[in-house]
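Both ligands and their constituent atoms are indexed starting at 1 by order of listing.
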Amino acid sequence: MSHKPVIGITPSPTALERPHGVFNTYGIADTYTTAVEAAGGVPVILPPQDGNAAQLAGLVDGLLISGGGDIDPIHYGEQERHPTTGGIHAGRDQLEFGLLREAIDRGIPTLCICRGIQVLNVVLGGTLYQDVADLYSAELEHRQYKTGIERHDPSHSVTATEGSLLARAYGATELQVNSFHHQGLKDLGDGLAPIGWSPDGLVEAVELTGHPWLLGVQWHPEMMYAAHSEHLGPFQALVEAIVGAPAVAG
Ligand code: MN
């Protein structure tokens with residue numbers, strides 16, 4: 001490949017207060033773009049828009065579906081919203097569903113982070129726990145902001161399946177990860193293989209069987225890689241899935 005791989009990143013809707021008013025904006029933490037850069041990719045941000053997912057998917061070599069607010073539970077068959085379900089943005093849901101359908105159909109290498117793994121699951125017909133502590137288990141605290149542990153530091157372990165995309169990305173089967181989610185994967189979507197679990201048995205990583213490279217993780221490696229370098233692994237593996245693994249000397 002003559003150019004560095006272009007990685008399309010989906011942003012979060014947010015509001016910016018300025019002296020001349022409040023502006024609705026789309027933004028992402030800079031750690032997403034710096035992680036992609038550090039792995040050898042060119043980050044570009046893909047804002048919500050109507051009906052352009054197929055064309056956008058054709059502009060990029062890889063995709064990163066980022067973290068953020070909750071998916072409208074109507075998309076996995078639940079009319080009622082749990083009191084903690086929030087941050088829903090219909091345009092973001094639609095764009096990310098569209099991009100992931102393209103990624104699945106065209107075999108575009110894709111990394112799905114936090115909300116991203118949940119979108120991936122729902123696109124493939126899976127369901128979510130609208131609130132893990134209330135509807136699954138409160139044994140393990142998955143909302144790290146409640147424990148005072150810094151966002152770049154781990155708060156629980158994940159056990160990865162040997163030989164999976166996850167184990168290969170980290171070069172290990174026992175990982176230490178951060179945790180900033182109140183929702184979680186319930187029934188898995190079609191073709192998704194569970195490849196990583198937290199100690200309470202929640203599925204925290206999946207890959208799509210038969211796809212060249214599609215990995216979902218429930219934690220935030222982009223927040224961790226600067227302090228814990230193994231967390232650059234998923235970004236490097238995404239880039240390598242596009243350009244090919246580096247040649248081994250000798
Ligand atoms: Mn967790």
*Where do H231 and Y170 land on the side-chain hydrogen bond (donor to acceptor under 3.5 Å, both in side chains) test, with the steps shown first?*
CA-CA 7 Å; H231 285 280; Y170 279 89; 2.7 Å; yes
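A side-chain donor from one of T84 and D131 sits under 3.5 Å from a side-chain acceptor of the other.
The ring-ring contact (aromatic ring centres under 6.0 Å, His included) pairs that include a residue from residues 65-88 are H75-F97, where partners are two or more places apart or lie in different chains. The list of ring-ring contact (aromatic ring centres under 6.0 Å, His included) pairs with a residue in residues 186-209, not counting sequence neighbours, is empty.
Protein contacts to the Mn ion (ligand 1) involving N, O or S atoms at a distance below 2.8 Å are H142 ND1, H156 NE2, S179 OG, H181 NE2, E204 OE2.
Partner of I71 under the side-chain contact (heavy atoms from CB on, under 4.5 Å) criterion, out of Q183, Q130, R115, E96: R115 alone.
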Run the side-chain donor-acceptor check on residues 36-51: report pairs under 3.5 Å with partners two or more places apart or on a different chain.
{"unit_1": "Q49", "atom_1": "OE1", "unit_2": "N52", "atom_2": "ND2", "d": "3.0"}
{"unit_1": "Q49", "atom_1": "NE2", "unit_2": "P47", "atom_2": "O", "d": "2.9"}

